[in-house]
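Each remark here refers to the structure printed beneath this line.
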2 protein chains.
Amino acid sequence: MDAKNSITQMRRGILEFCIVSLLAEDEIYTAELIDRLKSANLIVTDGTLYPMLNRLQKAKLLQYRWEESESGPPRKYYSLTDPGIAFLEQLDSAWQDMTASVESIRKGTQK
Amino acid sequence: MDAKNSITQMRRGILEFCIVSLLAEDEIYTAELIDRLKSANLIVTDGTLYPMLNRLQKAKLLQYRWEESESGPPRKYYSLTDPGIAFLEQLDSAWQDMTASVESIRKGTQK
DNA sequence: CCCGGTACCTTGCACTGCAAGGTAGCTTGC
DNA sequence: GCAAGCTACCTTGCAGTGCAAGGTACCGGG
């Protein structure tokens, strides 16, 4: 057993929340998403993102439009749908609940 | 796709951290662990905990001793080993880093 | 002596994230 | 005008967690 692996596991499921949060601000395509996440210290590969974006889009939480690039192949710009915004609100609320729970345990105030 | 499922996934990997944190305070056996987690709004079943405790113990992060109960079968009381304490410190640090990252994304201060 | 409660454990499934590999459009250099 | 390289999209197989369901064994009470 390795702390590194446990830490990787600890980030599981957080990723979806981060992506939906970022898309709430802007229309973004995949490589840009990866950059934004990286600058917040969350390293992800595109092999992780493409299936996730497709999944969210099939669930009608995301929509996309094609935009041609000035240099290279066209890009898929994603944004939130209305259900996607509601979904984000639920995740955000769950995030706050969860961090509060963990903090109470972490600080040992919990009896 | 369902928000409920995403929220479940979001808690993945957090559990190990919570258990190690709780064990840092006290010697605890499984049913008591479940109660403590439940009172912090983290619902877990014993089918989840037993494999995890065994895994952590095999990795020498936990140790246990048997204690006979006044009513019922004997209990395994777990506690942290020295490597377990070091492990907890690493997880705690990773937890702080991760929450800071997510907060920066969540609040949209991130550019 | 059996029945319910408690405590331990295992198995099979669903799901995410990652590494590795694959396709195709566009530009640059020869 | 075409080969090489970059960019962008996507798929497949694996590792690992958490859960539901089911199983074993000890103990006390009626």
Side-chain angles (χ1 to χ4, degrees), chain A residues 1-20 27-35 37-38 42-59 61-62 64-78 91 94 98 102, chain B residues 1-20 27-35 37-38 41-59 61-62 64-78 91 94 98:
Chain A
M1 159 138 336
D2 191 8
K4 204 168 140 197
N5 182 36
S6 291
I7 291 168
T8 300
Q9 293 298 332
M10 197 157 84
R11 295 189 341 198
R12 259 193 126 77
I14 301 299
L15 192 53
E16 192 180 87
F17 175 45
C18 290
I19 286 167
V20 174
E27 266 192 336
I28 316 185
Y29 78 105
T30 314
E32 204 176 341
L33 253 182
I34 293 176
D35 284 347
L37 291 168
K38 184 156 58 183
L42 293 170
I43 309 300
V44 195
T45 68
D46 65 342
T48 298
L49 286 190
Y50 284 111
M52 175 178 288
L53 291 169
N54 284 332
R55 189 165 43 82
L56 291 167
Q57 183 256 313
K58 272 180 198 144
L61 302 171
L62 299 186
Y64 66 85
R65 79 187 158 74
W66 286 101
E67 181 170 315
E68 301 196 0
S69 165
E70 293 176 353
S71 63
R75 301 165 177 174
K76 264 174 145 173
Y77 278 82
Y78 283 95
L91 290 189
M98 192 194 69
V102 175
Chain B
M1 157 137 338
D2 191 7
K4 203 168 140 198
N5 182 38
S6 292
I7 291 168
T8 301
Q9 293 298 332
M10 197 159 84
R11 296 190 339 199
R12 260 191 124 77
I14 302 299
L15 192 54
E16 191 180 86
F17 174 44
C18 290
I19 286 166
V20 175
E27 267 193 335
I28 315 184
Y29 78 105
T30 315
E32 205 177 340
L33 253 182
I34 292 177
D35 283 347
L37 290 167
K38 185 157 54 183
N41 291 332
L42 294 169
I43 309 299
V44 195
T45 69
D46 65 341
T48 299
L49 285 191
Y50 285 110
M52 177 178 286
L53 291 169
N54 283 331
R55 189 164 44 81
L56 291 167
Q57 182 256 316
K58 273 181 197 141
L61 302 171
L62 300 186
Y64 66 87
R65 83 189 155 73
W66 285 101
E67 181 171 318
E68 300 197 3
S69 165
E70 293 176 354
S71 63
R75 301 167 176 172
K76 264 175 145 174
Y77 278 82
Y78 283 94
L91 289 189
M98 194 193 69

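Quick note on labels: first sequence line is chain A, next is B, and so on, each numbered from 1. This one's a predicted model, so the numbers in the text were calculated from it and none came from an experiment.
Out of D:dC9, C:dC18, D:dC19, the shortest distance to the side chain of A:W66 is found at D:dC9. Taking the side chain of B:P73 as heavy atoms from C-beta on, and the options C:dC18, D:dC10, C:dG5, the nearest nucleotide is C:dG5. Nearest nucleotide to the B:Q9 side chain, out of D:dA8, C:dA7, C:dC15: C:dC15. Closest contact between the side chain of A:Y50 and the listed nucleotides C:dT27, C:dG25, D:dC10 involves D:dC10. Distances were taken from every side-chain heavy atom of B:T48 (C-beta onward) to each of C:dC26, C:dT10, D:dC19; the shortest belongs to D:dC19. Here the side chain of A:M52 is nearest to one of D:dC19, C:dG17, C:dA7, namely C:dG17. Taking the side chain of B:P51 as heavy atoms from C-beta on, and the options D:dA8, C:dA7, C:dT10, the nearest nucleotide is C:dT10. Comparing C:dA7, C:dC8, D:dC9 by their closest approach to the side chain of B:A31 singles out C:dA7. The side chain of A:N5 sits closest to D:dG16 out of C:dC9, D:dG16, C:dG17.
For the atom pair CE (A:M98) and CD1 (A:I14), the distance works out to 4.5 Å, reported to the nearest 0.5 Å. A:L15 contributes atom CG, which lies 7.5 Å from atom CG of A:L42 (distance to the nearest 0.5 angstrom).
For the OP1/OP2 pair of C:dC9 and a distance below 4.0 Å, the side-chain nitrogens and oxygens of B:R55 include no atom meeting the criterion. Taking side-chain N and O atoms only, B:Y29 has a distance below 4.0 Å to OP1 or OP2 of C:dA7. Put simply, B:S69 has no side-chain N or O that comes within less than 4.0 Å of OP1 or OP2 on C:dT6. In terms of phosphate contacts, B:T8 brings no side-chain nitrogen or oxygen within less than 4.0 Å of OP1 or OP2 of C:dC15.
The interatomic distance linking B:E32 (CD) with C:dC8 (P) rounds to 11 Å, in whole Å. Between A:L15 atom CG and D:dG16 atom C1' there is a gap of 16 Å when expressed in whole angstrom units. Rounding to whole angstrom units, NZ of residue B:K38 and P of D:dG18 are separated by 18 Å. Here the C1' atom of nucleotide C:dG17 and the CZ atom of A:R11 are 9 Å apart, to the nearest Å. The distance from atom CG of B:L62 to atom P of C:dC8 is 14 Å, rounded to the nearest whole Å. Taking atom CE of B:M10 as the reference point, atom P of D:dG18 lies 14 Å away to the nearest angstrom. One interatomic measurement links the two molecules: CG of B:D46 to P of D:dT24, which rounds to 16 Å at whole-angstrom precision. Residue A:E67 contributes atom CD, which lies 11 Å from atom P of D:dC9 at whole-angstrom precision.
Within 4.0 Å (heavy atoms only), B:I43 reaches sugar-phosphate atoms of the nucleic acid but no base atom. Among the heavy atoms of the strands lying under 4.0 Å from A:G13 are primed sugar atoms or P, OP1, OP2 only; no base atom is included. Counting non-hydrogen atoms under 4.0 angstrom, B:E68 reaches nothing in the nucleic acid.
For A:K38 against A:I43, the heavy-atom pair with the smallest separation is CG-CD1, 3.7 Å.
A residue-by-residue look at A:T45 and B:R75 shows that B:R75 has its nearest nucleotide of DNA chain C further toward the 5' end.
Inter-residue side-chain proximity for A:L33 and A:L53 is flagged as met; some heavy-atom pair is nearer than 4.5 Å.
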**Request:** Please assess B:R55 against B:E16 for the test salt bridge (Lys or Arg N to Asp or Glu O under 4.0 Å), listing each intermediate value before the final yes or no.
**Result:** CA-CA 11 Å; B:R55 189 164 44 81; B:E16 191 180 86; 3.2 Å; yes
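The pair B:R65-B:E27 meets the salt-bridge criterion, with a side-chain N (NZ, NE, NH1 or NH2) lying under 4.0 Å from an Asp/Glu carboxylate O.
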